[in-house]
Every structure is written in structure tokens, then in C-alpha cells.
Amino acid sequence: AFLPRGGEDALSIARARVLAGRSEQFTIGTFGVPGPSKLTHRVAAAAREIGRRGVPVRVLMAGYGVREYLRNHGRDFDGLDLRSFDGPTDPQLLRCMAETDVAVQFRSKNLGESSGIVPQLLCLGKTVLVSDIGSFKEFGNAVRMVSNDLDVENLADEILHLWHNPIFQKHTSDYVSRHTPARFREKLIEIVATS
């Protein structure tokens with residue numbers, strides 16, 4: 001769990017948002033390559049449901065292939081305040097993460113891969129909603145896990161609940177402190193020394 005170069009600015013933005021408290025406009029972020037494997041259509045449907053409930057909501061999408069995805073599936077976001085960034089630089093991606101209230105990082109199925117985005121979000125102290133599958137379970141109580149089968153109304157409920165009740169910063173900071181590059185190095189040296 002670490003931020004790339006330029007992460008200090010994003011960390012400052014994220015901290016300022018926490019200190020300012022909950023804003024009138026709620027921002028849902030979803031990051032990475034959008035599509036069926038990330039259940040992007042479900043994020044859009046939940047955001048529309050939240051909007052229907054009278055909550056001012058913005059969706060922030062950043063990742064590779066965002067422009068192409070929106071060209072083919074833009075209707076999913078009709079009526080939403082959408083900000084999108086295709087192929088963002090590291091600083092742009094981090095700024096988008098820092099401006100997010102709740103990040104939704106789903107996977108349709110477990111292919112054995114981990115996530116690079118979720119640890120960065122946790123470094124920024126963000127509340128993250130993930131699919132209850134695969135390596136996401138390793139994040140423990142630093143994230144909120146839900147079933148991919150959750151209907152849109154209940155998914156909207158979960159997202160709104162996390163907006164009103166963010167994950168405890170202690171959970172995210174504990175995860176980050178246990179997964180630093182320095183801790184990884186220590187463990188690696190320990191394993192090599194005992195082999």
C-alpha cells in the first residue's frame with residue numbers, strides 16, 4: 001500500500017475533505033478499466049437510484065478505456081453529473097480518488113488478481129465498497145464487501161450508508177501500516193533468511 005510520486009497533493013486534498021465534513025454533493029468514484037468485468041453498469045444504476053432519491057450525486061470515472069466505454073454505454077449515465085478521465089496520469093488519478101466520497105471497485109468474478117487501486121484509495125483514507133470475492137477479502141474491515149447479486153435499490157442503500165457512515169479511519173490506516181513497502185521488504189528478508 002503506497003502512493004506513487006505526487007501522492008502528497010492528493011493526500012492533502014483527501015484530508016481537507018475529511019476535515020470539511022460531508023458536503024452537499026456526494027461523489028461516487030470508480031477507477032480502472034470500465035466494463036462488464038468491473039460491473040460499471042451497476043455503479044451507474046446505483047448512482048441513478050441515489051439521484052432519484054433526491055440526493056445530489058456525481059460519478060467520477062477515471063481509468064484506461066473510459067472514453068470508449070462511454071461512447072458505447074453513455075446512456076447508462078444519462079441524467080447524472082458525470083466527470084470522466086480517460087488514461088489519467090498518476091497525479092490526475094490520485095486527485096480523482098481524493099475527491100471521492102465513496103469508491104466502488106467491483107469485480108464480476110475472481111480471476112486471482114489483486115487490486116492496485118484499492119490500496120491507493122486506502123492510503124488516502126477513502127471508504128471503499130468492493131465485491132465479496134477473491135483477493136478483496138484480504139482487505140478485511142478496511143473495506144466494505146457486498147455480494148455482486150445485490151439489487152440496485154440495496155446497492156444504493158449500501159453506498160448511501162457508507163456516505164453517512166464512512167469506514168473508520170483506524171481500519172484503513174491499520175491496513176496501510178501493515179502493508180507498506182518497508183514491511184514487505186522486512187518479510188521478504190525474513191523469508192529468505194530462514195530458507
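Owing to the predicted nature of the structure, the values given are computational and were not obtained by experimental measurement. Atom set for the values below is all heavy atoms of this structure, side chains included, hydrogens, waters and symmetry mates excluded.
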Which heavy-atom pair separates Leu93 from Ala62 by the least distance, and what is that distance? CD1-CB, 3.9 Å
Indicate whether the side chain of Asn148 and that of Ser131 have a donor and an acceptor atom separated by less than 3.5 Å. yes
Salt bridge Arg53-Asp157, side-chain N to carboxylate O under 4.0 Å: yes
Could you point out which residue of His171, Arg178, Lys170 forms a side-chain hydrogen bond (donor to acceptor under 3.5 Å, both in side chains) with Asp174? Lys170
Straight-line distance of Ile117 CD1 to Thr30 OG1, nearest 0.5 Å: 9.5 Å
Less than 3.5 Å apart, any donor N or O on the side chain of Asn72 or Glu68 sitting next to an acceptor on the other? yes
For Phe106, enumerate each residue passing the ring pair (Phe, Tyr, Trp, His ring centres under 6.0 Å) test, keeping only those at least two apart in sequence or located in another chain. none
Looking at Phe85, is its backbone amide N or carbonyl O close enough to the side chain of Gln92 to form a donor-acceptor pair, meaning the two atoms are under 3.5 Å apart? no
Checking Arg58 now: which residues fulfil side chain to side chain contact (heavy atoms under 4.5 Å, CB included) with it, not counting sequence neighbours? Gln25, Thr27, Asp81, Arg83
Interatomic distance, OG1@Thr127 vs CH2@Trp163, rounded to 0.5 Å, equals 13.0 Å
Can you name the ring pair (Phe, Tyr, Trp, His ring centres under 6.0 Å) partners of His41, sequence neighbours left out? none
Side-chain donor/acceptor of Gln105 to backbone N/O of Phe31, under 3.5 Å: yes
Has the side chain of Arg42 got a donor or acceptor atom that lies under 3.5 Å from a matching backbone atom of Pro36? no
